[in-house]
Amino acid sequence: MDTSNPLWQTGWYCDGQWRTSPDSYEVRNPASGEVIARVARCGGAETDEAIAAAERALVSWRKTTPKERGAVLRRWYELMMQHQDELAELMVLEQGKPLTEAKGEVAYAASFLEWFAEEAKRAYGETIPSPRQENRLWVVKEPVGVIAAITPWNFPFAMLTRKVGPAIAAGCTAVAKASEETPLCANALAVLAERAGMPPGVLNLVSGDAPAIGEAMMASPAVRKLSFTGSTRVGKLLMARAADTVKKLSLELGGNAPFIVFDDADLDAAVAGALASKFRNTGQTCVCVNRFFVQDGIYDAFVSRLAEAASAMKVADGLTPGAQQGPLINPAALAKVERHVADALAQGGQLVCGGARHELGGTFYQPTVIREAHEGMQLAQEETFGPVAACFRFQDEAEAVRRANATPFGLAAYFYTKDLNRVIRVAEALESGMVGVNEGIISNEVSPFGGVKESGLGREGARIGLEEFLETKYINLGGLG
Ligand SMILES: NC(=O)c1ccc[n+]([C@@H]2O[C@H](COP(=O)([O-])OP(=O)(O)OC[C@H]3O[C@@H](n4cnc5c(N)ncnc54)[C@H](O)[C@@H]3O)[C@@H](O)[C@H]2O)c1
Ligand SMILES: O=C[C@H](O)CS(=O)(=O)O
């Protein structure tokens with residue numbers, strides 16, 4: 001690790017200062033297993049300090065104008081893009097994704113700052129025609145206050161900017177906890193935020209003892225909102241704890257995306273979309289396909305083409321030129337993938353390609369395609385979060401939609417067809433917050449990202465993403481002559 005680079009900070013960030021801690025934890029390169037840094041391990045005490053700093057900063061930050069806040073976010077965006085290459089390299093070392101994907105994520109993460117630098121100016125209120133002549137009624141939007149943000153490891157820049165961008169645009173201040181797998185990426189963002197003119201205390205970063213940090217965030221009445229991205233399991237824990245102080249919630253949770261291929265689909269487009277959606281970040285995204293439903297008439301052709309494309313992908317360390325699949329984040333992730341594959345094959349699934357650890361060793365796994373999958377398999381009910389494409393057969397549209405909807409999740413769904421009437425029918429029938437039609441990559445900063453059922457609450461990005469950090473205040477002025 002290039003410790004001379006000021007972007008590489010191993011402390012925790014509070015009130016505009018980089019702080020050390022008596023305790024620290026290891027951050028490892030998932031491709032090699034090597035320790036790349038030891039990072040300050042925070043707990044409840046550090047979190048309470050960070051919350052107090054955010055409270056102090058809120059007093060002045062909420063009084064700034066949207067234009068002033070937007071200018072800081074715009075500079076932060078520009079600095080991210082100026083440092084795109086070194087931020088991407090940091091991400092590859094810490095999270096493992098291929099360099100091309102990492103560069104893409106830096107731009108994607110920065111786009112939320114660019115977007116909310118503008119949206120900051122559009123927190124519009126309204127006037128209401130009064131039913132009484134002596135009164136005037138109006139509505140204003142105000143910042144929620146101090147917010148807590150907790151983010152996962154798989155998109156260490158984008159999941160953070162997708163939260164703190166709108167929060168800071170709205171006039172809130174934030175205490176953010178990155179995943180203990182990827183704290184260095186979050187710290188690098190704070191370095192650039194400071195250079196962009198972010199005042200002390202507006203953004204504070206802690207990481208380390210996740211349960212203790214979470215408890216301090218949830219217990220504090222000063223924290224008026226939690227924005228969490230991660231597993232449904234942890235999201236439910238935090239949702240319950242938020243009840244004590246009635247915190248607002250945004251929850252971006254787990255998925256189990258169906259990908260339906262109808263007989264009339266454009267096969268080339270469906271295979272390309274399947275590859276992009278399934279194997280992005282080595283299958284470690286919340287919107288990755290988890291279940292391929294393929295109509296009988298196109299099943300053999302689709303499975304064969306998908307396996308051919310998956311087998312051809314280059315598995316390598318993310319810094320290797322041409323790398324297309326990196327390592328899984330840690331040994332536990334590898335174990336889950338192996339468990340899902342073993343269970344599927346034991347229950348009648350047939351291996352078409354992959355199905356074993358990659359010769360590179362460590363947490364590298366072969367891109368895998370399994371045919372004749374069915375709903376009795378673990379990979380049908382759980383999010384595999386790895387490079388495994390399970391292909392299920394179906395006969396007709398109603399069956400495909402019923403089976404696609406038959407999980408507790410509803411984050412993303414995809415389907416391929418040329419039939420326009422079917423596009424409307426199926427898009428409206430799928431229980432999902434987001435639907436890709438003849439498209440496998442649907443995420444961007446201008447569209448509302450989020451799920452239904454146990455995939456979450458609220459939306460991120462888009463116009464609506466700012467609303468998540470605003471309160472609505474109604475004012476009634478009476479006694480007018
Ligand atoms: N919907 C989305 O936008 C989205 C995006 C990315 C990932 N995810 C989901 O996240 C999961 C993978 O990420 P992960 O492994 O980091 O998830 P995770 O739930 O294990 O961890 C997410 C975050 O929560 C923290 N955490 C864990 N236990 C905690 C506790 N008791 N109190 C406070 N914080 C706690 C972790 O340290 C991490 O920062 C997958 O299920 C994926 O689908 C969803
Ligand atoms: O994994 C979750 C991310 O939200 C994926 S995306 O890049 O936003 O699609």
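When a ligand or atom number is given, it counts from 1 through the structure's own listing order. Computed from a prediction, not measured in an experiment: that's the story for all the values here.
With hydrogens left out, the protein atom closest to atom 40 (C) of ligand 1 is Glu383 OE1, 3.4 Å, a heavy atom. Ranking the protein heavy atoms by distance from atom 36 (C) of ligand 1 puts Lys177 NZ, 3.7 Å first. Looking at atom 24 (O) of ligand 1, its nearest protein heavy atom turns out to be Phe228 CE1, 3.3 Å. Closest to atom 9 (C) of ligand 1 among all protein heavy atoms lies Gly230 O, 3.2 Å. At the shortest separation from atom 2 (C) of ligand 2 among protein heavy atoms lies Cys286 SG, 2.6 Å. Among protein heavy atoms, the minimum distance from atom 19 (O) of ligand 1 is reached at Ser231 OG, 2.7 Å. With respect to atom 13 (O) of ligand 1, the closest heavy atom belonging to the protein is Pro152 CB, 3.4 Å. In this structure, the protein non-hydrogen atom closest to atom 7 (O) of ligand 2 is Arg280 NH1, 3.0 Å. Looking at atom 8 (N) of ligand 1, its nearest protein heavy atom turns out to be Cys286 CB, 3.7 Å. Phe155 CE1, 3.7 Å is the protein heavy atom nearest to atom 5 (C) of ligand 2. Of the protein's non-hydrogen atoms, the one nearest atom 16 (O) of ligand 1 is Trp153 CD1, 3.2 Å.
Contacts of Ser443 with ligand 2, taken as heavy-atom pairs under 4.0 Å, involve the side chain alone. Under 4.0 Å from ligand 1, not a single heavy atom of Phe155 appears. When heavy-atom distances to ligand 1 are checked against a 4.0 Å cut-off, Thr151 comes that close only through its backbone atoms N, CA, C and O. Here Glu105 has no heavy atoms under 4.0 Å from ligand 2, in either its backbone or its side chain. Residue contacts with ligand 2, taken as heavy atom pairs separated by less than 4.0 Å, do not involve Glu101 at all.
For the atom pair CD of Glu105 and NZ of Lys97, the computed distance is 3.5 Å after rounding to the nearest 0.5 Å. In this structure, CD in Gln381 is found 7.5 Å from CZ in Arg291, a value given to the nearest 0.5 Å.
At under 3.5 Å, not a single nitrogen or oxygen of Met159, backbone or side chain, sits near a nitrogen or oxygen of ligand 2. Among the atoms of Tyr108, some N or O lies under 3.5 angstrom from an N or O of ligand 2. Annotation: Thr285 places no N or O atom under 3.5 Å from an N or O atom of ligand 2; distance criterion only.
Of the candidates Leu253, Thr232, Asp209, Leu253 brings a heavy atom nearest to atom 44 (C) of ligand 1. With Arg162, Glu252, Glu460 as candidates, the residue nearest to atom 4 (O) of ligand 2 on a non-hydrogen basis is Arg162. The option from Ser455, Ala210, Ala148, Ala257 that lies nearest to atom 34 (N) of ligand 1, judged by heavy atoms, is Ala210. For atom 30 (C) of ligand 1, the choice among Gly450, Gly214, Ala216, Pro211 with the nearest heavy atom turns out to be Pro211.
Inter-residue side-chain proximity for Arg28 and Glu34 is flagged as unmet; no heavy-atom pair is nearer than 4.5 Å. Here the side chains of Ser455 and Lys453 are not in contact, with every heavy-atom distance at 4.5 Å or above.
Within a 4.0 Å radius of atom 32 (N) of ligand 1, the protein has at least one heavy atom.
Taking the six-membered ring for Trp and thresholds of 30 and 60 degrees, Phe116 and Phe112 have nearly parallel ring planes, at less than 30 degrees apart.
In this structure, Lys278 is not positioned above the aromatic face of Phe292 in the sense of NZ or CZ being under 6.0 Å from the six-membered ring centre and within 45° of the axis.
Near Val287, with a cut-off below 4.0 Å to any heavy atom, the atoms of ligand 2 are 9 (O). Residue-ligand proximity, Arg162 to ligand 1, at heavy-atom distances under 4.0 Å covers atoms 3 (O). Close approach of ligand 1 to Thr229 is summarised as follows: ligand atoms under 4.0 Å from at least one heavy atom of the residue are 2 (C), 3 (O), 4 (C), 5 (C), 6 (C), 22 (C), 44 (C). Taking every non-hydrogen atom of Val234 and a distance limit under 4.0 Å, the qualifying atoms of ligand 1 come out as 19 (O), 26 (N), 27 (C), 28 (N), 29 (C), 35 (C). Using a 4.0 Å cut-off to heavy atoms of Gly254, the atoms of ligand 1 that qualify are 41 (O), 43 (O). Of all atoms in ligand 1, listed by their number and element, those nearer than 4.0 Å to a heavy atom of Ser179 are 39 (O). If you number the atoms of ligand 1 from 1 as listed, the ones under 4.0 Å from a heavy atom of Met159 come out as 5 (C). For ligand 1, the atoms lying closer than 4.0 Å to a non-hydrogen atom of Glu180 are 37 (O). Taking every non-hydrogen atom of Asn154 and a distance limit under 4.0 Å, the qualifying atoms of ligand 2 come out as 1 (O), 2 (C).
Put simply, the residue from Tyr416, Phe392, Phe415 that forms a ring-ring contact (aromatic ring centres under 6.0 Å, His included) with Phe259 is Tyr416.
For Glu26, the CD atom counts as densely surrounded, since its 6.0 Å shell holds more than 12 non-hydrogen atoms of other residues, nucleotides or ligands. The number of heavy-atom neighbours closer than 6.0 Å to CD of Gln17, taken from other residues, nucleotides and ligands shown, is 12 or below. Around the CZ atom of Arg38, the shell of radius 6.0 Å holds more than 12 heavy atoms that belong to other residues, nucleotides or ligands.
Listed by first and then second residue, the ring-ring contact (aromatic ring centres under 6.0 Å, His included) pairs involving residues 147-186 are Trp153-Phe385 (not counting sequence neighbours).
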Between Met198 and Ile168, is the side chain to side chain contact (heavy atoms under 4.5 Å, CB included) condition met? List the steps.
CA-CA 9 Å; Met198 189 86 65; Ile168 288 165; 3.7 Å; yes

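Using a 4.0 Å cut-off between charged side-chain N and carboxylate O, Glu454 and Lys236 make a salt bridge. The pair Glu468-Lys225 meets the salt-bridge criterion, since a charged nitrogen lies less than 4.0 angstrom from a carboxylate oxygen. Under a 4.0 Å N-O distance rule, the pair Arg339/Glu382 qualifies as a salt bridge.
Checking Asn154 against Gln95 by side-chain atom types alone, no donor-acceptor pair falls below 3.5 Å. Between Asp317 and Thr320, the side chains place no donor N or O within less than 3.5 Å of an acceptor N or O (distance only, hydrogens not considered). Judged purely by distance below 3.5 Å, without hydrogens or angles, the side chains of Thr151 and Lys163 never pair a donor atom with an acceptor atom.
The main-chain N or O of Met377 is never found under 3.5 Å from a side-chain atom of His340 such that the two would form a donor-acceptor pair.
Between Gln284 and ligand 2 there is no heavy-atom distance shorter than 4.0 Å.
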